[in-house]
Amino acid sequence: MTEQNEPKIYKGLAGVLADYTAVSKVMPETNSLTYRGYPVQDLVENCSYEEVTYLLWNGELPTAEQLAEHNAAGRSYRELDPGLVAAVHSLPETCHPMDVVRTAVSYLGTKDPELFTPDSDHIRLVGHHLQAQLPMAIALDIRRRAGKGVIAPDPDKGVAENFLTMVFGTEEGSPAADPEDIRAFEQSLILYAEHSFNASTFTARVITSTRSDAYSAITGAVGALKGPLHGGANEFVMHAMAEIDDPAKAADWVNARLDAKDLIMGFGHRVYKRGDSRVPSMEKAFRELARRHDQEKWVEMYENMQEAMDARTGIKPNLDFPAGPAYHILGFPTDFFTPIFVVARLAGWTAHIVEQFENNSLIRPLSAYNGPEQRAVADADR
Ligand code: COA
């Protein structure tokens, strides 16, 4: 092929506008992000995770009555499913927790007789079903690996508090977390809830575009989110911080990794090149958690790593950088950070599945072939 008719390849689809979306807008030039027109910082300060989920799924913030209905619909699925409990227990404790989540979504899909109902309301019910059941599967997985029994869900609690209770509560019913911890956790869920056409959301949209069901779309999205270049980064941030251990050694560690041409997880972004709009809100929550839990060592680590990265590369942190140590302070085992991200992002995935479903076109790009010229088996050297 001559240079003149060399096709233009958009590697990684970078810079490609794949479709319209009314769910959220990422504005890298002003470092801002809106969900249905509302700045994410405004939502973090003034809304619950359930209100944000309602907004993403329905386009407007709920009235008190709409919120009550939304909560009742979601909480009606909060019953321990013995089949799900057995499915989680059947999986090896050595597997990655994201594999348990992926299997749980797939399992839950097999229980839905209305799977192929071509209807947006049904897709939102799938969102409710998974938002109720996945925190249970994750809490159960955390606890079984620690040799602890299961804690039943509480239909009177919000998503954040119920999740923390199922993970950290005691079977005698003592409180799992104080209100400020619950609020910090809820804020992280709001910040992780949605982010336009990221890799996992796009995966969900591709699967939906084939007219497959929402469980299949979310199973695929979980697989995409697991990768360290996407959701898996929050775990790697904490693994790095734990490995460095002493904040005074952070700069040397960062520089050694950069010398070795390694990626430093929790930094950089495909869309934001001058900083991630979600970082200031998460950093505020993280600093507050560290102060209240007397774990300011992680703040020092955060600052030293960030300073060293900035001095050497100018690359800014993304949401995973403050979220990783915040989840550590809350007490979550590190390899469960990405499953938490799944629970939060169910809000955005569901909104995008509905949007794709309502205005569908099969997603099927073209490729430029660069393999061998056509040839005959008879000529093969065999
Ligand atoms: N650590 C070290 N170098 C980094 C980096 C990081 N976290 N992020 C980007 N870079 C470097 C790249 O290696 C590249 O260097 P080069 O020009 O010498 O090849 C340069 O910065 C440009 O980066 P680019 O690969 O164009 O960015 P991208 O848009 O393709 O990738 C990410 C974006 C998110 C995949 C990338 O920044 C990354 O891998 N970050 C770490 C994983 C992470 O935190 N993911 C969560 C995202 S929310």
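When a ligand or atom number is given, it counts from 1 through the structure's own listing order. A quick note: this is a predicted structure, and the numbers were derived from the prediction, not measured.
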**Report entry** Distance filter under 4.0 Å to Met265 heavy atoms, resulting ligand 1 atoms
**Finding:** 41 (C), 42 (C), 44 (O)
Query raised in the report: Does Gly12 have a non-hydrogen atom less than 4.0 Å from ligand 1?
Result: no
Report summary line: Atoms of ligand 1 under 4.0 Å from any heavy atom of Met309, numbered from 1 in the order shown, are 1 (N), 2 (C), 6 (C)
Query raised in the report: Under 3.5 Å between some N or O of ligand 1 and some N or O of Asp262?
Result: no
Requested in this report: Give the numbers and elements of all ligand 1 atoms closer than 4.0 Å to a heavy atom of Leu229.
Outcome: 39 (O), 45 (N), 46 (C), 47 (C)
Report task. Walk me through it: do Phe185 and Tyr327 pass the test side-chain contact (heavy atoms from CB on, under 4.5 Å)? Result -> CA-CA 8 Å; Phe185 183 56; Tyr327 289 159; 3.8 Å; yes
Query raised in the report: Can you find a heavy atom in the side chain of Val342 that is under 4.5 Å from one in the side chain of Trp349?
Result: yes
**Report entry** Atoms in ligand 1 with a heavy atom of Ala233 nearer than 4.0 Å
**Finding:** 43 (C), 44 (O), 45 (N), 46 (C)
Query raised in the report: Among Trp298, Phe286, Phe336, whose ring pair (Phe, Tyr, Trp, His ring centres under 6.0 Å) with His328 holds?
Result: Trp298
Query raised in the report: Passes side-chain contact (heavy atoms from CB on, under 4.5 Å), Leu319 versus His195? Steps please.
Result: CA-CA 11 Å; Leu319 175 58; His195 213 216; over 6 Å; no
Requested in this report: Determine, using heavy atoms of Lys273 and all atoms of ligand 1, whether some pair is separated by less than 4.0 Å.
Outcome: yes
Query raised in the report: Do any N/O atoms on Arg270 end up under 3.5 angstrom from N/O atoms on ligand 1?
Result: yes
**Report entry** Heavy atoms from other residues, nucleotides or ligands near CD of Glu65 exceed 12 (cutoff 6.0 Å)
**Finding:** no
Query raised in the report: For ligand 1, which atoms have a heavy atom of Leu263 less than 4.0 angstrom away?
Result: 1 (N), 2 (C), 3 (N), 4 (C), 5 (C), 6 (C), 39 (O)
Report task. Provide the number and element of each atom of ligand 1 under 4.0 Å from a heavy atom of Gly266. Result -> 43 (C), 44 (O)
Query - Ring-face cation contact, Tyr10 with Lys8, 6.0 Å cut, 45° max - result: yes
